[in-house]
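See below for the structure under consideration.
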Amino acid sequence: MVDRPRILVVDDEEVIRDVLADFLSLEEYAVTTAADGESALAELRQSAYDLVLSDLKMPRMGGLELLAALEHERPAPTTVIMTGFGTVETAIEAMKRGAHDYILKPFRVEEVVLTVRRALEKQRLAAENLRLRDSVALYSASERIAGSLSLDAILRTVLESARGSTQADEVQLLLAESARDGAPAEAKALRAAMNPEAVFAHFDAGGEALRLRREEAGRYVQAGGEAPAGMLIVPLRHRGEVVGALGLSRHEGPGRFDEGQRKLVRMLAQRAATAIVNARLFRGQQVAIRETIEGLARAIDKLDPYTAGHSDRVARYAGLLARRMGLDAATVRRVRQSAQMHDIGKIGCHVNLNKPGKLTADEYEDFKKHTVYGRDILEPIGFLEPLTPGVLLHHERMDGRGYPFGIPGAEIPLIARIICIADSYDAMTSDRAYRKALSHEVAVAELKRCAGTQFDAELVPLFLEALERWRAEQGR
Ligand SMILES: [Fe+2]
């Protein structure tokens with residue numbers, strides 16, 4: 001969007017106002033006029049201007065008083081004073097009060113145009129030089145954004161730093177994938193919630209960041225909302241794809257965002273877009289891992305109708321114990337996933353697992369290999385490899401009489417000791433080809449009896465505690 005610089009011409013002589021307005025309009029500036037300082041101030045509070053070209057001596061409020069009043073405005077427009085006194089002293093006084101430049105009357109119109117052009121150019125350059133403080137704040141925000149794979153954390157950081165570096169009254173973020181179907185719920189609390197349709201139509205067509213005044217902001221605000229005094233909307237683009245839109249609004253005063261702020265927010269949006277895409281990829285990867293594990297667990301269950309659901313139940317019991325132990329979320333997830341995969345190696349066994357009665361000695365030897373087969377199956381799959389210790393060692397015993405290696409308790413990884421307890425409890429309480437399910441009470445007694453020999457004596461009481469609580473919740 002071409003943003004024409006806006007100029008306010010302030011002079012009590014109508015003819016001068018008209019001449020300047022005409023000439024400056026020819027130079028592609030958007031010009032408004034005011035007859036004295038007071039009406040100029042009222043206009044400046046209504047709407048944002050890049051430059052004020054003001055006479056010094058006017059009724060009601062003169063140029064110097066106008067300058068003094070403008071000192072407190074944010075952002076203050078660049079001011080050029082026109083003085084008919086022809087004395088350098090008055091001009092210097094005006095410069096001291098914050099005027100950018102002065103023009104002595106009577107002036108040539110070309111001279112005015114040149115001064116205005118110079119002033120605006122200088123203003124543009126000043127705004128382009130990002131303020132160091134904002135840049136540092138933005139840099140640390142970017143670091144936090146880039147280091148995070150949690151979408152929630154990224155969005156929170158983006159909103160906080162956008163607000164912090166621009167002093168906006170409202171900041172909001174629309175994500176393309178959710179916003180295209182309608183406005184997000186939290187938008188209701190905003191005075192100027194963005195209209196997703198209008199915003200994405202603009203950005204999808206290749207549109208750049210929007211820096212809007214009240215008159216222009218209306219069409220990007222949802223019906224029923226209030227057009228803010230100033231609005232800045234930047235796209236979150238990643239490799240050409242519009243991932244979202246970041247909107248900032250100011251409700252009070254002229255409210256306009258300057259060029260430097262637009263640049264800052266664009267940089268922030270750039271980083272945010274990349275981080276959001278990464279977080280989404282990571283989430284997709286987690287889903288793929290979960291689905292792969294579920295699919296493999298189903299394959300195990302197909303081998304033996306008697307053990308259908310066994311993998312899921314062992315995963316649940318192992319998860320109960322892991323949480324009771326206070327392990328962190330990532331470890332609990334690994335425990336659950338390892339437990340779900342613990343019998344994957346049965347796919348490699350030749351023995352008929354459905355045969356009624358006990359296995360022969362040879363069949364049992366073959367069956368025992370499912371631990372090693374499990375490791376062989378998972379090891380080459382990069383994202384499942386972390387599950388191998390639990391799968392390989394879940395039949396080891398604390399007294400060193402387990403298989404496949406017969407290693408003693410201290411050498412058995414915690415994850416395998418957890419699965420061992422969960423696996424045994426479920427095996428006992430489920431029907432098998434060669435026997436009926438044992439009762440919960442019998443299974444509990446068995447776990448207690450074998451604590452220290454087969455099972456980790458410290459884990460058994462924790463497991464029983466977690467199990468009883470879970471059973472109570474389930475009404476069992
Ligand atoms: Fe097993």
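Counting starts at 1 for both ligands and their atoms, following the listed order.
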Q | D312 and Q340: side chain donor to acceptor below 3.5 Å | A | yes
Q) Can you name the nearest heavy-atom pair linking I344 to G374, along with the distance? A) CG2-CA, 3.7 Å
Q: Among the N/O/S atoms of H370, select the one at the shortest distance from the Fe ion (ligand 1) and name it.
A: NE2
Q.
Just checking: H342, one of its N/O/S atoms, less than 2.8 Å away from the Fe ion (ligand 1), yes or no?
A. no
Q.
Can you see whether F455 has R397 sitting over its ring - NZ or CZ less than 6.0 Å from the centre and within 45° of the normal?
A. no
Q.
Between D343 and H370, is there a side-chain donor-acceptor contact under 3.5 Å, judged purely by atom types and distance?
A. yes
Q) Tell me, which N, O or S atom in D343 is closest to the Fe ion (ligand 1)? A) OD1
